[in-house]
Amino acid sequence: MAGELAGRRILLVLDNALNSAQVRPLLPGSASCAVMITSRRRLTGLNSAEVLSLDTLPPDDAVALFRAVAGPDRCEAEPTTVIEVVKLCGHLPLAISIAAARLRTRPQWTVFDLVERLADDHRRTRLLQSEDRGVTAAFSLSYQHLVDAEQRMFRLLGVHPGSDIDVFAAAALAGLTVDEAENLLDALCDMHLLIPHLPGRYRLHDLVRDFARASVEAEEPASQRSAALDRLLDYYLHVTQIATELDAPGRPSLGASPRYRPAAVPRLTKTSEIRSWVNAEHANLLAIARLAAQHRAGEAGWQLPRNVGSLLYENGQLSASLEVFRIALAACGPETPPVVKSACLLDVSLMHKVLGQYRLALDFLNQGTANAAHSGDRDGIARSLIHKADLSYLIGSFADAVTYATRSFEIYHDQADLWREAAALTVIMDALSRLGRHREAIDAADRAALPSTDSRTCGRPALF
């Protein structure tokens with residue numbers, strides 16, 4: 001090839017190259033020649049090549065393509081709906097072209113009709129197929145060029161319910177070491193089936209995720225899918241327990257330890273690291289909490305959502321925390337231990353209190369108190385009393401606050417729980433002060449200060 005092109009000015013186009021080895025013998029040695037190579041895979045073995053990775057279309061270009069294929073007249077009355085269509089197509093040119101062609105050939109449809117069909121996860125893939133072309137066929141070509149281990153990793157990514165995944169969760173999902181998982185994830189990135197959008201974090205394009213989910217359903221036995229999901233849930237349970245123990249040290253730990261212990265977890269040794277992890281995983285944590293409640297219904301479906309709710313609260317995401325605590329409560333069934341049901345009722349009550357919804361807070365608090373009393377759960381009774389005292393204080397019932405906090409203090413004193421004794425005394429102090437009983441308030445403050453020898457704060461009582 002080099003001899004034939006010597007001294008000539010040639011642009012050589014090599015389309016759909018499989019790998020670097022396939023094209024290397026075809027490269028001319030003459031400086032007067034240029035080569036354009038297209039490939040589904042990043043050709044990292046061509047050292048002198050200038051690499052250009054094609055992204056999805058920018059929003060304006062995606063809309064322009066849809067309008068050009070569907071016909072401008074079909075789009076004039078529904079401009080915002082056209083934007084929704086191209087979003088559902090993931091801004092992929094092939095998907096947009098097929099969707100627009102379907103609209104053009106169906107004069108009875110509106111753009112909104114197309115959106116309704118594309119919004120259905122089960123119908124979207126079929127709608128984006130047209131005769132001999134379609135997004136599934138395009139993804140299949142890339143998938144077929146993966147080795148077995150890469151195909152398995154890609155399929156299992158379809159089990160993950162969140163918007164993205166880090167290397168630790170991927171390792172747990174596949175039951176691999178972090179290094180093994182990272183190598184496979186990088187290989188999927190090279191095939192443009194996965195997007196490395198942040199250091200150590202990866203995401204699937206929406207339509208690629210649909211393909212991954214279809215692939216895992218079709219090719220992975222149900223037992224293997226279930227095992228992968230169990231590993232993923234146990235990974236998140238393990239990590240959220242580590243984070244919760246550091247973030248909310250006074251919170252009662254309930255439930256068994258995870259059955260699967262991940263090979264490695266993110267570094268979570270200080271509050272700033274926990275905050276960063278929760279922020280990065282926010283959407284995943286909500287999805288994982290819902291999935292845990294469904295997958296482990298009748299067992300401990302409440303455990304992971306409860307951990308997640310605590311972390312979201314400590315992170316200041318109050319509405320999301322309430323949502324997840326409600327998921328944990330709904331996951332409690334007849335077989336759930338009463339101490340757990342009581343704790344979940346109290347969690348929901350406390351979030352309503354924090355959000356200023358005092359009537360709802362009291363309703364759930366009374367249910368939790370009754371549940372704890374019925375089961376003889378003294379710790380649950382004490383926690384209910386201290387929060388009933390705090391709620392009484394917030395609504396101006398200061399005498400009731402003193403009564404409830406005193407009863408809570410007596411239980412914590414019997415249990416030698418010095419930190420919670422101090423928390424109860426703090427409520428007593430505040431309420432006595434508001435009642436004008438300042439000498440008694442000072443005495444309560446002095447008693448609260450004496451046992452506080454650790455680094456935890458004893459201002460207002462902690463949420464948990």
Side-chain angles (χ1 to χ4, degrees), residues 15-16 38-42 52-146 151 154-155 157-158 160-165 188-197 202-218:
D15 187 37
N16 201 21
T38 68
S39 178
R40 297 175 182 276
R41 185 191 301 271
R42 287 190 177 90
L52 175 63
S53 294
L54 295 181
D55 203 348
T56 54
L57 290 175
D60 289 346
D61 291 345
V63 168
L65 174 61
F66 184 87
R67 287 171 55 87
V69 177
D73 293 344
R74 300 296 304 277
C75 306
E76 288 298 335
E78 303 173 87
T80 58
T81 313
V82 171
I83 294 173
E84 186 63 25
V85 169
V86 299
K87 284 182 180 178
L88 289 168
C89 291
H91 292 178
L92 286 178
L94 177 60
I96 293 169
S97 298
I98 294 173
R102 283 198 177 276
L103 181 66
R104 187 186 67 240
T105 57
R106 288 163 175 77
Q108 71 278 16
W109 284 11
T110 64
V111 181
F112 182 76
D113 292 327
L114 181 59
V115 166
E116 282 193 318
R117 288 163 171 79
L118 289 173
D120 185 334
D121 291 346
H122 300 291
R123 300 173 67 184
R124 180 164 52 228
T125 300
R126 180 178 58 79
L127 283 168
L128 297 178
Q129 302 294 125
S130 177
E131 296 183 359
D132 60 343
R133 63 177 187 152
V135 294
T136 298
F139 299 148
S140 293
L141 286 173
S142 297
Y143 178 73
Q144 290 164 11
H145 286 118
L146 301 175
Q151 287 186 347
F154 176 76
R155 291 195 301 271
L157 291 177
H160 192 285
S163 58
D164 71 346
I165 192 168
L188 295 178
C189 290
D190 286 342
M191 287 298 291
H192 300 281
L193 289 171
L194 194 61
I195 303 167
H197 72 112
Y202 306 81
R203 66 178 176 87
L204 291 167
H205 184 280
D206 289 346
L207 296 180
V208 177
R209 182 182 293 109
D210 290 346
F211 178 69
R213 288 173 177 167
S215 298
V216 76
E217 290 285 340

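Numbering of residues begins at 1 and proceeds along the displayed sequence. For the numbers below, each heavy atom of this structure counts, side chains included, while hydrogens, waters and symmetry mates do not.
Here the closest non-hydrogen pair linking A70 and L103 is CB-CD2, 4.1 Å. Closest approach of H91 to P59, counting heavy atoms only: CE1-CG, 3.8 Å. Of all heavy-atom pairs between V63 and I83, the closest is CG2-CG1, 4.1 Å. When all heavy atoms of A138 and L94 are compared, the closest pair comes out as CB-CD2, 4.3 Å.
With hydrogens and angles disregarded, no donor-acceptor distance shorter than 3.5 Å links the side chain of S39 to the backbone of N16. At distances below 3.5 Å, at least one donor-acceptor pair connects side-chain atoms of H205 with backbone N or O atoms of G90. With hydrogens and angles ignored, the 3.5 Å screen pairs a side-chain donor or acceptor of R209 with a backbone N or O of S163. In this structure a side-chain-to-backbone donor-acceptor pair under 3.5 Å is missing from R155 to V216. R104 places a side-chain N or O within donor-acceptor distance of the main-chain N or O of V69, the cut-off being under 3.5 Å. In this structure a side-chain-to-backbone donor-acceptor pair under 3.5 Å is present from R117 to D113. A distance-only check finds a donor-acceptor pair linking the side chain of R102 to the backbone of L127 [under 3.5 Å].
Within a 6.0 Å radius of CG in D60, no more than 12 heavy atoms belonging to other residues, nucleotides or ligands are found.
Here the rule is side chain to side chain contact (heavy atoms under 4.5 Å, CB included) with L188, and of L204, I195, L146 only L146 fits it.
Ion pair E76/R67 flagged as a salt bridge, since at least one NZ, NE, NH1 or NH2 atom sits closer than 4.0 Å to an Asp/Glu carboxylate oxygen.
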